[in-house]
Structures are given as C-alpha cells and as structure tokens.
Amino acid sequence: MSQSHNQSLAQGRAQVAGEPDPRRWWGLVVIALAQLMVVLDATIVNIALPSAQRELHMSDANRQWVITAYTLAFGGLLLLGGRIADLVGRKRAFVTGLVGFAVASALGGAATGQGMLFGARALQGAFGALLAPAALSLLTTTFTDGKERGKAFGIYGAIAGGGSAIGLIAGGLLTEYLDWRWCLYVNVPIALIAIAGAWVFLHDRRGNGGAARLDVLGVVLGCGGLVAIVYGCSEAQPRGWNDGLVLGMLVGGAALLVVFAWWQSRARYPLLPLHIVRDRNRAGAFLTMALAVIAMFGMFLFMTYYLQVVLGYSPVKTGMAFLPITAAIIVGSTQISARLLHHIPPRMLMVPGAVLAAAGLAWLTTLTAEPAYVSHVLPSEILVGLGMGLIFMPVMATATAGVAPQDSGVTSATVNTAQQVGGSIGTALLNTIATSASATYIGSHLASAAREAGGRLTPAARDGVVKDGVVHGFTVAIGWGAGIMLLAAVVAGVLVNGKAPKHGEGAGAPQ
C-alpha cells in the first residue's frame, strides 16, 4: 500500500473521529495557491491586452472579449460549479477545476487567433467557476476550530482582496520582460503544483450524488440570469446604460433570477437552497461583499489609468505602485481580523473596515492631474487595503458558518458570485459615471479656455484640459465608490448580528 494512500486513510480516520486534519495547514497552502490563480487571472491579462491585441489583430470593439469571455463564464457558472462540488465531492471538483484551468490557460497562451483566445478565456472562466467554490468549501470543512478557522480565513481573505493587485504586478512583469502569452502560461506550473499538493494534503468525504440530483431548470434560470446581468454590465461600458441591449440584458437577467428564486422554493433538489440566503447574517455578508467589491474595483480601474495615462508609469511601475494595497490587505486580514474575530462579533470588524476603506476612497477625490502618488495614492491604498482586510475575512467566515456539509459548495459559490457580480457592476457603473463627468468637464472647460485665448487653443493647453477632465471624472466616480462603501458599512451594521464564535465554532455561527 502506498504512502500517500496510508496518509489519506489517516486523514479520513481523523475526520471521522472528529479530530482536525493533521495536514490541514499544508492543505491551506494548496487551497490558497489555487484561489490566487483564479483571482489574479481576472486582472493579469489586463496589462497584457494591448500586446495581445496587436499580435492577434483584434479590433478595438472585439478586444473586450478577452476579459468579458472570462467574467461571463466565471460569474454565470459559479452556482452550477458550487452544486457540482457538493454532488461529486469537493476534492474531486477542485482537482478537475485545476486540470481544466491549466489546459485552458495553455490553449490561450498558444492562441493563433482572436477566436481561439476568446474560447480559451471562456473555458478558463468555466473551470474557475468549478474551482473557486470547491476551494472555499474545502477550507470551510477542513478548519472547524474557531481560532484556526479565523487564521485560515484571514489568509484566504487576503488573497481574495489582494489577488487583483498581484495580477497587475505579475501582468506588468511578464509582459515587459517575457511575452504577453506568459500571462496565461504561468497558470500551468502553478496548477500542476496545486494538483500534486491536493492529492497529498487534501481530504474530503464523498459527494452526495447518490442522494440528490442536479436541478437542471434551476441551472438554466440561475446561470442564465447571472450571465445576462454580467454581460449587460460589461456592455454598459462601451454602449451606455440606456442602450437597448444593455437594458434588455439587465431586465431579462433580473426576471430570470426572480423566476429562479420562485422555482428554488419548489424544486426537490434546488440548485441554491433558499435557507442559505434567508439567514440574516449570511444575507448581510453576501450584500456587504457585493457592495464593498463594487467600490474597490472602481479604485483599481481608475488608479491603473491614472498611473499609466496621466502620470506615464510603465506597466511594471504601475504594478509595483499597487504593492502597498496588497500588503495592507494582508495585514488587515491576517494580523487584525484573524486575531480579533474569535473575540468580537464579525460586524465589529466589517463596519470599521468599510468606514476605513471609504475614508481612503474619499481621500482620492482630491486628486489632480499633478503627480500625487505619495501624497494621495499611497495613503489611500493603505487605508483601503486595511479596510478591505477587515471586511473580506469576517464576511467569508460569516457567510460559510453553520452550513451543512452538503451545502458548503453552493454557499461558497454564492460568496464568489456576490464578489464577481459586484465587480462587474462596479466596473461598469463607476466607469460610466467617470466618462460622463469627464465629457461634461472637458466640453465646458475647452469652450471657456478657447474664449479666453481668443479662439486659438494651443495643443499643450488642450492636453492640459483633457487630463484635468479625465482626473475629474475619476474623482467623481471614486466619490460615488466612497458612498457605496459607506452603504456596505450600514448593511453590515444592521444585518450582521452574529456573536463572536465560541471555541470550536466557525466565525459568525448562529447563536
């Protein structure tokens, strides 16, 4: 009998006996590695996109599909991925997701045309939708002691919050010093390491495929509604919110989700059991997550443009400029939230975290077109990073606390869905606000500057007005983001009323 088989048997006996998995911390490393791969892949391609567009001869209208194909498949299929993990087993779903993600990444890196790249990105999103909820549910079922669970969720929350910034850094380095294709190829060795680690260190009970069936109608309604909403938000950027297609997708998606909720109350094996979202603390955690991500994604979007377009930073320098927010999220999650969650109610972390992040965003509303990294961007990154570290970890711990093992996958998928849909809405909504404010500012100020110059405006003066207008749009949208972040604080304070977990309980467990 092989050593790995003996280790798996030992792990299984430990779990049956109620003892903690002796290799659980190594398992956390594997889970964290897989989650990092999924999260950073949403942004790592952004910096590589101009290079890929040139090489594959993409039009400006089609280039968005490199991003949209991934987000559509990922956001739309998360609920299905979570339920599959519950049915077939979380470890099996986890490894399958890793294998598929690696294959899709290799196909994307080897793309010879835009169609092949779009298809590979959609395939990445589909397998990511299986991998992400399986990873979070494995974390939920592996760590049952309250203090250990807090530490594990602190690390996981840091990755969930800082992965986007890490993706920008990695994308800049790989694009500048290797080739844009390595932004996709890099997933292959990461996935292979995680697959090997999963076989050795992760253990999970069998799935519930014999006791339950997949809700096919629920899949069509729920996934269809999510795909429509995510697609509508992505198209709102180039088309505008008043466009017929955008409105049709958003209204149609909302209608599908309403029918989905009705059907889930009647289905024998619901895709999303409604008791998961009816719980007050869990619903508050989902909504807090969505609102916080809406605001945070706006900051990433606008600061990337501010640093590269306004200040002229290179891709690598832009990525490095985001290091402080990544470090702050890690500190907030692992050194503050993870240490305090076992002693205080979750909302006592979420509310101050959201207020702190809102203060950081408000600081950015005073930006000008003059270089202001040290005076404005850096302190804002630190405040937002610490705030998000205080939010992400207790939100994830609260959302997954007290869930039956057979529902842990779909619950984890709902957390990821709130994050993904929040990111899609935030990017589209705040970008629309920014472009509208910029257009109004530039139009009025160009006219007044031309009058003052006697009808002749120099190119330098025109460029100055345009830059000021772009930054003005950023600050207006970020101001809205600060307001949305304050709304997240209100939601967490009103809805999340769980107490600090007792020893051996998960965070925010129902009392």
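Heavy-atom basis, side chains included; hydrogens, waters and symmetry copies ignored. Numbers for residues simply follow the sequence, beginning at 1.
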Which heavy-atom pair separates [X] from [Y] by the least distance, and what is that distance?
| X | Y | value |
| --- | --- | --- |
| Gly360 | Ser380 | O-OG, 2.7 Å |
| Tyr441 | Val465 | CE2-O, 4.0 Å |
| Val38 | Ala132 | CG1-CB, 4.4 Å |
| Met37 | Asn187 | CG-OD1, 3.2 Å |
| Leu184 | Ser105 | O-CB, 3.3 Å |
| Phe94 | Ile31 | CZ-CA, 4.2 Å |

Could you tell me whether the side chain of [Y] reaches within less than 4.5 Å of the side chain of [X], counting heavy atoms only?
| X | Y | result |
| --- | --- | --- |
| Val293 | Phe392 | yes |
| Ile84 | Leu80 | yes |
| Thr398 | Met350 | yes |
| Val66 | Met58 | yes |
| Asp468 | Thr368 | no |

* To do: May I have the step-by-step check of side chain to side chain contact (heavy atoms under 4.5 Å, CB included) for Met388 and Leu356, ending in yes or no?
  => CA-CA 8 Å; Met388 296 308 292; Leu356 200 62; over 6 Å; no

Looking at [Y], is its backbone amide N or carbonyl O close enough to the side chain of [X] to form a donor-acceptor pair, meaning the two atoms are under 3.5 Å apart?
| X | Y | result |
| --- | --- | --- |
| Tyr313 | Leu307 | no |
| Thr475 | His472 | yes |
| Ser337 | Gly332 | yes |
| Thr365 | Ala362 | yes |
| Tyr373 | Ala321 | yes |
| Lys467 | Val310 | yes |
| Arg181 | Ala111 | yes |
| Ser333 | Met393 | no |

* Between His376 and Thr366, a side-chain donor and acceptor under 3.5 Å ->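 Yes - a donor-acceptor pair under 3.5 Å links their side chains.
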
* Step by step, would you call Met303 with Val377 a side chain to side chain contact (heavy atoms under 4.5 Å, CB included)? -> CA-CA 8 Å; Met303 286 304 95; Val377 179; 4.0 Å; yes

* Asked: Does the pair Val415 and Met289 meet the rule for a side chain to side chain contact (heavy atoms under 4.5 Å, CB included), with working shown?
  -> CA-CA 8 Å; Val415 179; Met289 169 70 85; 4.0 Å; yes

* Asked: Taking it one step at a time, do Val246 and Leu250 satisfy side chain to side chain contact (heavy atoms under 4.5 Å, CB included)?
  -> CA-CA 6 Å; Val246 173; Leu250 294 177; 4.0 Å; yes

Atom [atom1] of [X] and atom [atom2] of [Y]: how far apart are they, to the nearest 0.5 Å?
| X | Y | atom1 | atom2 | result |
| --- | --- | --- | --- | --- |
| Leu136 | Thr411 | CG | OG1 | 9.0 Å |
| Leu271 | Leu79 | CG | CG | 5.5 Å |
| Phe286 | Thr414 | CZ | OG1 | 4.5 Å |
| Ile484 | Leu430 | CD1 | CG | 5.0 Å |

* Using the ring pair (Phe, Tyr, Trp, His ring centres under 6.0 Å) rule, take Phe101 and Phe127 through it: C-alpha gap first, then chi angles, then the decisive distance, then the call. => CA-CA 5 Å; Phe101 204 91; Phe127 281 105; 8.3 Å; no

* Between Phe74 and Tyr70, how do the two ring planes meet: parallel, tilted or perpendicular, split at 30° and 60°? ->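 Answer is parallel, since the angle falls under 30°.
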
